[in-house]
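Please read the structure below before turning to the comments.
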Amino acid sequence: MIEAKQLSKRFGDRLAVDQLSFSIERGEVVGFLGPNGAGKTTTMRMLTGFTPPSSGKVIVGGHDLFEEPAAARRLVGYLPETPPLYPEMTVAGYLRFVARIQGLPKRDCAEAVDRAMERCGLKEQRRRIIGDLSKGYRQRVGIAQAIVHSPPVLILDEPTVGLDPAQISDIRDLIADLSSAREGELQHAVILSTHILPEVEAICRRIIMIQEGTKRLDRPLDELKAEGQTLQMLFAREIVGEQVPSAGQGGAA
Ligand SMILES: Nc1ncnc2c1ncn2[C@@H]1O[C@H](COP(=O)(O)OP(=O)(O)OP(=O)(O)O)[C@@H](O)[C@H]1O
Ligand SMILES: [Mg+2]
């Protein structure tokens, strides 16, 4: 559904992302991991068309993001590290505004906004001013704006950062729900970045780990679990470079 081909991004003489390639299908929830400064946000910004790559391509639903930006971007919902919320707008008013910007016909907006608020647990807050909401509820509005136009691809940059445990659990359920099949609705392809490893184990089916902009690992979580690997161990081995033995292999890495 979304494919990164040899994506690179250079800032001055610093290569933030280096020839990164992967593709993600509908129904997949991919955990995008890596230490601070690894290039996760930069990659996500390239996948959504917010930052042009220095080289490489992004294909969304068969459309090249840079040759057919309008067609490709319609298929993508994005929760940035800092969501661009308008603090003086109401929740419903803001979501209507985003729905229109995303090209939904006016007659479909009310239903789309209702659906997004319902899914993100925002119905009670519909008339509240965004600036008055707690951080967790603002984060929900950020997710609602990413899904309001029902994009098949969701790109979520640290979606649960700053939330309380109950809200973290709600947002995880929401993400799991978005990727599973629902009658009359298409499954999403989801890629999310996070530093919370238990979160990845709870909702992701596949892990992509990067370091210094380079892919270190891309594997299904089931497979890793079957080998007795924990993400903590993998992170230590792939990223920190510790000599952690592979589980069940008597130390052979
Ligand atoms: N606009 C920019 N100009 C210059 N350098 C940048 C810019 N944006 C990002 N970088 C650099 O690119 C590298 C990757 O940053 P990025 O924000 O993508 O990392 P990240 O993996 O999202 O980290 P974190 O876990 O801290 O969010 C860093 O070295 C960062 O300083
Ligand atoms: Mg980041």
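- For the pair Gln139 and Ile171, the minimum side-chain heavy-atom distance is 4.5 Å or more.
- Annotation: side chain of Val153 is not in contact with side chain of Thr48 (no heavy-atom distance under 4.5 Å).
- One hydrophobic cluster, built from ILVMFWY side chains closer than 4.5 Å, cannot hold both Leu154 and Leu75; they sit in different ones.
- Looking only at side-chain heavy atoms (C-beta outward), Ile196 and Arg172 come within less than 4.5 Å of each other.
- Shown here is Glu201, whose CD atom has more than 12 heavy atoms of other residues, nucleotides or ligands within 6.0 Å.
- In terms of heavy-atom proximity, Thr90 sits nearest to Arg126 at CB-O, 3.9 Å.
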Which donor-acceptor pairs under 3.5 Å do side chains of residues 37-44 form with protein atoms, sequence neighbours excluded?
{"unit_1": "Lys40", "atom_1": "NZ", "unit_2": "Gly34", "atom_2": "O", "d": "2.9"}
{"unit_1": "Lys40", "atom_1": "NZ", "unit_2": "Pro35", "atom_2": "O", "d": "3.1"}
{"unit_1": "Thr41", "atom_1": "OG1", "unit_2": "Glu81", "atom_2": "OE2", "d": "3.1"}
{"unit_1": "Thr41", "atom_1": "OG1", "unit_2": "Asp157", "atom_2": "OD2", "d": "2.8"}
{"unit_1": "Thr43", "atom_1": "OG1", "unit_2": "Gly39", "atom_2": "O", "d": "2.7"}

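- Residues Glu3 and Val58 have side chains not in contact (no heavy-atom distance under 4.5 Å, counting atoms from C-beta outward).
- Here the options are Leu192, Leu234, Leu197, Leu217, the test is side chain to side chain contact (heavy atoms under 4.5 Å, CB included), and the partner is Leu33; only Leu197 passes.
- For Lys57, the side chain to side chain contact (heavy atoms under 4.5 Å, CB included) test picks out Lys5, Ile59, Asp64, with sequence neighbours left out.
- The minimum heavy-atom distance between Cys120 and Ile143, with the atom names listed, is SG-CG2, 4.1 Å.
- No donor-acceptor pair closer than 3.5 Å links the side chain of Gln211 to the backbone N or O of Arg216.
- Between the OG1 atom of Thr214 and the CE atom of Met209 there is a distance of 14.5 Å, given to the nearest 0.5 Å.
- Enclosure of atom CD in Glu88 by more than 12 non-hydrogen atoms of other residues, nucleotides or ligands within 6.0 angstrom is indicated.
- Judged by a 6.0 Å distance limit and a 45° cone about the ring axis, Arg73 is positioned over the six-membered ring of Phe50.
- Linking ILVMFWY residues whenever their side-chain heavy atoms come closer than 4.5 Å, directly or via other members, leaves Phe32 and Ile175 in distinct clusters.
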Name each donor-acceptor pair under 3.5 Å that joins a side chain in residues 6-21 to protein atoms two or more places apart or in another chain, with its distance.
{"unit_1": "Ser8", "atom_1": "OG", "unit_2": "Gln19", "atom_2": "N", "d": "2.8"}
{"unit_1": "Lys9", "atom_1": "NZ", "unit_2": "Pro52", "atom_2": "O", "d": "2.7"}
{"unit_1": "Ser21", "atom_1": "OG", "unit_2": "Gln6", "atom_2": "N", "d": "2.8"}

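- Looking at Gln145, its side chain does come within 3.5 Å of a backbone N or O of Gly142 through a donor-acceptor pair.
- Closest approach of Pro159 and Ser193 over heavy atoms only: CD-O, 3.4 Å.
- With values rounded to the nearest 0.5 angstrom, Leu156 atom CG is found 10.0 Å from His188 atom NE2.
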Run Glu28 and Arg205 through salt bridge (Lys or Arg N to Asp or Glu O under 4.0 Å) and show every step you take. CA-CA 7 Å; Glu28 278 197 298; Arg205 289 179 216 164; over 6 Å; no
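- Applying the ring-ring contact (aromatic ring centres under 6.0 Å, His included) criterion to Phe66, with sequence neighbours excluded, gives no partner residue.
- Linking ILVMFWY side-chain heavy atoms closer than 4.5 Å, directly or via other members, places Ile24 and Val190 in two distinct hydrophobic clusters.
- Looking at Ile2 and Pro152, their side chains never come closer than 4.5 Å, going by heavy atoms from C-beta outward.
- Under a hydrophobic-cluster definition in which Ile, Leu, Val, Met, Phe, Trp and Tyr are linked whenever side-chain heavy atoms come within less than 4.5 Å, directly or via other members, Tyr78 and Phe22 are assigned to the same cluster.
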side-chain contact (heavy atoms from CB on, under 4.5 Å) between Arg74 and His63, intermediate numbers included: CA-CA 10 Å; Arg74 244 199 310 277; His63 303 283; over 6 Å; no
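- At least one side-chain heavy atom of Ile208 sits under 4.5 Å from a side-chain heavy atom of Ile210.
- Residues satisfying the side chain to side chain contact (heavy atoms under 4.5 Å, CB included) criterion with His149, sequence neighbours excluded, are Gln102, Leu104, Pro151.
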I'd like to know whether His195 forms a side-chain contact (heavy atoms from CB on, under 4.5 Å) with Phe235, so could you lay out the CA-CA distance, the side-chain angles of the two residues, the decisive distance to 0.1 Å, and finally the verdict. CA-CA 11 Å; His195 291 292; Phe235 204 86; 5.6 Å; no
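- Hydrophobic clustering (side-chain heavy atoms under 4.5 Å, transitive across Ile, Leu, Val, Met, Phe, Trp, Tyr) groups Leu65 together with Met1.
- Atom CD of Glu223 is surrounded by more than 12 heavy atoms from other residues, nucleotides or ligands within 6.0 Å.
- Grouping Ile, Leu, Val, Met, Phe, Trp and Tyr residues whose side-chain heavy atoms lie under 4.5 Å apart, directly or via other members, places Leu85 in a hydrophobic cluster with Tyr86, Met89, Val91, Tyr94, Leu95, Phe97, Val98, Ile101, Val113, Met117, Leu122, Ile130, Leu133, Tyr137, Val141, Val148.
- In terms of heavy atoms, Asp170 sits closest to Arg140 at OD2-NH2, 3.0 Å.
- Residues Val29 and Arg206 are not in side-chain contact: their nearest non-hydrogen atoms beyond the backbone lie 4.5 Å or more apart.
- For the atom pair Leu163 CG and Ser134 OG, the distance stands at 8.5 Å (nearest 0.5 Å).
- Within the 4.5 Å cutoff, side-chain heavy atoms of Val76 are placed close to those of Ile155.
- One finds the CD atom of Glu227 at 6.0 Å from the CG atom of Leu224 (value rounded to the nearest 0.5 Å).
- Residue Arg96 places its CZ atom among 12 or fewer non-hydrogen atoms of other residues, nucleotides or ligands, all under 6.0 Å distant.
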